[in-house]
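FYI, side chains are in, hydrogens and waters are out, and symmetry mates aren't considered; it's all heavy atoms of this structure. Quick note on labels: first sequence line is chain A, next is B, and so on, each numbered from 1.
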Amino acid sequence: MIEIQRIKENKAEVIEGLKKRGIDSTKEIEQILLTDQEWRDEKTALQKLSANLNMISKQVGQCYSSGEREKADELKQQSVDLKKQESEQKVKVESLQKRLYQTILTIPNIPHSEVPHGKDADDNEVIFEYGESPGKDRAIYPHWDLAKTYGLIDFELGVKVTGAGFPFYKGKGAKLQRALISFFLDEAAKAGYEEYSSPLMVNEESGMGTGQLPDKEGMMYHVGSEDLYLIPTAEVPLTNMYRDVLLPNSDFSIKITGHTPCFRREAGSYGKDVRGLNRLHQFDKVEIVRIETPENADSALKEMIEHVKGLLQKLNLQYRILKLCGGDTGFAAAITYDFEVYSAGQQKWLEVSSVSRFDTFQSNRLKLRYKDAKKKSKLCHTLNGSAMALPRIVAALLENHQGVDGIKVPDALVRYTGFETIN
RNA sequence: GGAGAGGUGUCCGAGUGGUUGAAGGAGCACGCCUGGAAAGUGUGUAUACGCCGAAAGCGUAUCGAGGGUUCGAAUCCCUCUCUCUCCGCCA
């Protein structure tokens, strides 16, 4: 949720920034400013009424204790009318506030200055590339074939037991999952992130806090009997730990990580690109989350990018980094870098990580603040990134490291898998 | 799931209708005292919003959440929620 203060101070800049997302929000922004002013005026009026009422009540009390009953009754009479006014005014203020809030909720985060204009994925900028594709001098199979050949993943069994998008991993496939999770968590720990194992269901407030609700209900599974949501990413529980938190000073850098399964309904995304591991309803992911002061947010983002680069390089995967254009940047993010690995068997790029800065967009909703040097409360900055999502990494590992005598496990992973090849 | 108890400020804890944002204590901060420290002593010690752009100041709201009664609610009533204890069930 964007800070209203920011709109007030930099209206033109906000409108200009949002144009990068391909939206003209002039009308909404004007509406917000107007409603805010109106709300403020009415609120002041309300407070004056309340102050009056409080004063009279006090006097009534004093009259009673000094025995002036008639005067007290008189005052009471007065307050009845005032009270009616007050409650009407209250309704007015509340409805204005609600309207204001609801309009602000529809405004996405303002893209950073370096975010390119553009409307969809085609306008994203490739800013970094690494590695080479395995070449085409021999047959390269897609991962679903390899998974079958080596008995690593059983998609049909998943369909039988649960439904499409819920595969079973087995044997070395299952072991590979576990190895990757441990590898990612250990690397995060080395980089200073504290590991958490979190709840996999969250309540409505948490969904609101990180912005999945109220808009994107379609993304999360909802457990009706308990009114809880299955998490679509560890970002939700990990960030919401800090909901309604006021950090006592500006001397902090909170780095947390956690592995969780992630559940996504992916409603309406059937069709192409869903084959094999490309898009699942349940998958495992290791997430990194940071809570920083505004001053440190930028260097934190850079560190996170370096961290993810390191992971991919240790896994010997060909990858590239995209700076997302305005139109492709998520609602809550101010800037996002996507990491894509090359999937040799499918001959396409697969997104495996997304690293974003949210500035104060999340913390504003979360009420996550800190005290600055002048003891003033300020909103923290939040950042997060996948480090990383497993299925597509698995797909790329299988496809890119396949050879005539099996699939070679990257050296960095061998101590976790306990085997060097899958054959 | 059943029965009971309870949610007050950073913490402990008082408070059953009238200057209670809230006694008292602890902690913390600053000052005095001291050669230095402890003890002692004095002062201060929430958040959000509004009046206003900042500070000071003033106002409003906040005693788990929401609603109600009342001129006035931490205190009375209702609903919800969470925690604790006992019983049941269970990895």
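A straight line from CD of A:Gln5 to P of B:C52 spans 15 Å, rounded to a whole angstrom. One interatomic measurement links the two molecules: CD of A:Glu38 to P of B:G50, which rounds to 15 Å at whole-angstrom precision. For the pair A:Asn249 CG and B:U10 C1', the computed distance is 14 Å after rounding to whole Å. The CG atom of A:Asp244 sits 12 Å away from the P atom of B:A65 (whole-angstrom rounding). When rounded to the nearest whole Å, the span between NZ of A:Lys58 and P of B:G18 equals 14 Å. To the nearest angstrom, C1' of B:U62 lies 12 Å from NZ of A:Lys90. If you take CD of A:Glu205 and P of B:A65, they are 14 Å apart, rounded to a whole angstrom. Here the P atom of nucleotide B:C71 and the CG atom of A:Leu49 are 17 Å apart, to the nearest Å.
With sequence neighbours excluded, the residues satisfying ring pair (Phe, Tyr, Trp, His ring centres under 6.0 Å) with A:Tyr229 are A:His222. Applying the ring pair (Phe, Tyr, Trp, His ring centres under 6.0 Å) test to A:Phe358 and every residue at least two apart in sequence or in another chain returns nothing. Under the ring pair (Phe, Tyr, Trp, His ring centres under 6.0 Å) criterion, A:His307 pairs with A:Tyr193, not counting sequence neighbours. Residues passing the salt bridge (Lys or Arg N to Asp or Glu O under 4.0 Å) test with A:Lys19, sequence neighbours excluded: A:Glu16. Residues satisfying the ring pair (Phe, Tyr, Trp, His ring centres under 6.0 Å) test with A:Phe184, not counting sequence neighbours, are none.
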Between side-chain atoms of residues 159-176 of chain A and protein atoms elsewhere (two or more places apart, or another chain), which donor-acceptor pairs fall under 3.5 Å?
residue	atom	partner	partner atom	Å
A:Lys172	NZ	A:Thr421	O	3.1
A:Lys175	NZ	A:Thr417	O	3.0

If you look only at distance, which donor and acceptor atoms sit under 3.5 Å apart when one is on a side chain in residues 26-37 of chain A and the other is two or more places apart or in another chain?
residue	atom	partner	partner atom	Å
A:Thr26	OG1	A:Asp24	OD1	2.5
A:Glu30	OE2	A:Lys11	NZ	3.0
A:Gln31	NE2	A:Thr35	OG1	2.9
A:Thr35	OG1	A:Gln31	O	2.7
A:Asp36	OD1	A:Arg40	NH2	3.3
A:Asp36	OD2	A:Lys8	NZ	3.4
A:Asp36	OD2	A:Arg40	NE	3.2
A:Asp36	OD2	A:Arg40	NH2	2.9
A:Gln37	NE2	A:Asp41	OD1	3.1

Atom pairs and distances, donor-acceptor, side-chain atoms in residues 244-251 of chain A, under 3.5 Å, two or more places apart:
residue	atom	partner	partner atom	Å
A:Asn249	OD1	A:Asp251	N	2.8

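Phosphate proximity of B:A48 to A:Arg369: present, with a side-chain N or O under 4.0 Å from OP1 or OP2. For the pair A:Arg40 and B:C51, the criterion of a side-chain N or O lying under 4.0 Å from OP1 or OP2 is met.
B:A26 and B:G13: their P atoms are spaced 15 Å apart (whole Å). The separation of B:U16 from B:C11, taken at their P atoms, amounts to 22 Å, rounded to a whole angstrom. For B:G64 and B:A73, the P atoms lie 15 Å apart once the distance is rounded to whole Å. B:G7 sits 10 Å from B:C63 when the C1' atoms are compared, rounded to a whole Å. Nucleotides B:C87 and B:G24 are separated by 42 Å at their P atoms, to the nearest Å. Look at the P atom in both B:U69 and B:C77: the space between them is 15 Å, to the nearest Å. The same atom, P, is picked in B:G59 and in B:A5; the two are 41 Å apart, to the nearest Å. B:U8 and B:A65: their C1' atoms are spaced 15 Å apart (whole Å).
Toward the 5' end of RNA chain B, the nearer of the two residues A:Ser377 and A:Glu94, judged by each one's closest nucleotide, is A:Ser377. Each of A:Lys378 and A:Gln37 lies near RNA chain B, and the nucleotide nearest A:Lys378 is the one positioned closer to the 5' end.
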In dot-bracket, 5' to 3', how would RNA chain B read with Watson-Crick or G-U wobble pairs under 3.5 Å, [ ] for crossing ones and | for pairs to another strand?
((((((((.[[[..)..(.....]]]((((((.......))))))((((((.....)))))).[[[[[..)....]]]]])))))))....

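Contacts classified as side-chain hydrogen bond (donor to acceptor under 3.5 Å, both in side chains) and involving residues 48-62 of chain A (residues at least two apart or in different chains) are given here: A:Ser50-A:Glu86.
Residue A:Leu246 is in sugar-phosphate contact alone, with no base atom involved, counting any heavy-atom pair closer than 4.0 Å across all strands shown. Base contact: A:Ser57 has a heavy atom under 4.0 Å from a base atom.
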Pull out every protein N or O sitting under 3.5 Å from an N or O of nucleotides 55-61 of chain B, one pair per line with the distance.
residue	atom	partner	partner atom	Å
B:G59	N2	A:Gln47	OE1	3.0
B:G59	N2	A:Gln47	NE2	3.0
B:U60	OP1	A:Asn54	ND2	3.1
B:A61	OP2	A:Asn54	ND2	3.4

Using atom names, set out every protein N or O paired with an N or O of nucleotides 78-84 of chain B below 3.5 Å, distance rounded to 0.1 Å.
none

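For the 3.5 Å distance criterion, the side chains of A:Ser253 and A:Glu292 qualify, holding a donor opposite an acceptor. A:Glu399 and A:His143 share a donor-acceptor pair across their side chains, judged by distance under 3.5 Å alone. Under 3.5 Å, the side chains of A:Gln5 and A:Glu9 contain a donor-acceptor pair of N or O atoms.
Crowding of A:Glu295 atom CD: a count of heavy atoms from other residues, nucleotides or ligands under 6.0 Å exceeding 12.
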